[in-house]
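Computed from a predicted model, the values in this text were never measured in an experiment.
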Amino acid sequence: MTEQTPLIQEATLWSDERWTARVIKNEDDDGWAVSMTRHGDPEPALVGPWTMGRDKKNPKPLDAPAFHTLVKTAAEVLRRHEQQLHAQLNKSVSVGAGSERIRVSLQIVPDEDNPHAVLRAHDELGAQLGEVRVAPGFKLHADSAAAWIEGDFQKPR
């Protein structure tokens, strides 16, 4: 542990070097919720319901097994979010050109000042056949890829 991230193990607040779990009052009803925030992130990765304690009024205290389960769940939520973002920004199709298959990929660059995408073609061995910068809204599908290949990898219109 570093001096900046002390180990905290309280009934409603647990923290380690990467994550903080905080039990909070549920705004929607009389129950409780738990938020999991990765250190350095502006918002929680996970917010979910938390169990009431035996008195049916206060929250159940956090403990090591619960904290580790919450860390695992929150990390999985972040991993799925990253996978979804990657899938949105990276697309590819394979098309036949003669007797060989060519893989055409589109990588969207979500730059705030200059958003664009890069269209690339590779043969079956991975050698690059063509590359061109296109608009970020370019629709990649088998027909658009085939037309780009047939146009000798010139910038699509």
- Task: Looking only at non-hydrogen atoms, find the nearest pair between Ser144 and Leu140 and report the distance.
- Result: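 Answer, listing the atom of Ser144 first, then Leu140: OG-CA, 3.5 Å.
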- Hey, what do you get for CZ (Arg120) to CD1 (Ile102), rounding to the nearest 0.5 Å?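 Reported value, rounded in 0.5 Å steps: 16.0 Å.
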- Item | Side-chain donor/acceptor of Asp41 to backbone N/O of Thr37, under 3.5 Å |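 Such a contact is absent between Asp41 side chain and Thr37 backbone.
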- Please report the shortest heavy-atom distance between Val47 and Ser35, naming the atom on each side.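 Taking every non-hydrogen atom into account, CG2-CB, 3.9 Å.
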- Message: Measuring from atom CG of Leu89 to atom CD of Gln84, what distance do you get when rounded to the nearest 0.5 angstrom?
- Response: 10.5 Å
- Glu43 atom CD, over 12 foreign heavy atoms within 6.0 Å: no
- Query: For the atom pair CZ (Arg101) and CG (Asp123), what is the distance rounded to the nearest 0.5 Å?
  - Reply: 13.0 Å
- Query: Counting heavy atoms not belonging to Lys25, are there more than 12 under 6.0 Å from its NZ?
  - Reply: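 More than 12 heavy atoms, drawn from other residues, nucleotides or ligands, come within 6.0 Å of this atom.
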- Task: May I ask you to check whether Ser105 and Ser92 show a side-chain donor-acceptor distance below 3.5 Å?
- Result: no
- Count the heavy atoms belonging to other residues, nucleotides or ligands that lie under 6.0 Å from NZ of Lys91, then report whether that count exceeds 12.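 Count over threshold, so yes.
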- Minimum heavy-atom separation for Gln107 to Asn90, with atom names?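 Here Gln107 and Asn90 meet closest at CG-OD1, 3.3 Å.
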- Residue pair Glu131 / Val118, side-chain heavy-atom distance below 4.5 Å: yes
- Atom CG in Leu13, atom CZ in Arg22: separation rounded to 0.5 Å?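 CZ of Arg22 is found 5.0 Å from CG of Leu13.
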- Is the shortest heavy-atom distance from the side chain of Pro156 to the side chain of Val134 under 4.5 Å? yes
- Is Ser15 close to His39 at the side-chain level, that is, under 4.5 Å between some pair of heavy atoms? yes
- Which other residues end up in the same hydrophobic cluster as Val23, if Ile, Leu, Val, Met, Phe, Trp and Tyr are linked when side-chain heavy atoms come under 4.5 Å apart? Trp14, Trp19, Trp32, Val34, Met36, Leu46, Trp50, Met52, Leu62, Phe67, Leu70, Val71, Val77, Leu78
- After noting the C-alpha distance and the side-chain angles of Gln83 and Arg79, does the key distance pass the side chain to side chain contact (heavy atoms under 4.5 Å, CB included) rule? CA-CA 6 Å; Gln83 286 175 333; Arg79 189 180 70 77; 2.6 Å; yes
- Short N-O contact, Glu76 and Lys72, less than 4.0 angstrom: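 The answer is no: the pair does not qualify as a salt bridge.
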- Message: Working to the nearest 0.5 angstrom, can you tell me the gap between Leu119 CG and Arg133 CZ?
- Response: 13.0 Å
- Message: As an exercise, state the distance from CD of Gln154 to CH2 of Trp148, rounded to the nearest 0.5 Å.
- Response: 10.0 Å
- Answer yes or no: is there a donor N or O on one side and an acceptor on the other, between the side chain of His116 and the main chain of Asn114, under 3.5 Å?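 Side chain of His116 to backbone of Asn114, a donor-acceptor pair under 3.5 Å: yes, one is there.
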- Task: State, yes or no, whether a side-chain contact exists between Asp111 and Pro136 at a heavy-atom distance under 4.5 Å.
- Result: no
- Okay, side chain of His141, backbone of Val93: is any donor-acceptor separation there less than 3.5 Å?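 Not confirmed, His141 side chain does not pair with Val93 backbone.
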- Message: Using every non-hydrogen atom in the two residues, find where Ala117 and Leu106 come nearest and quote the distance to one decimal.
- Response: CB-CD1, 3.6 Å
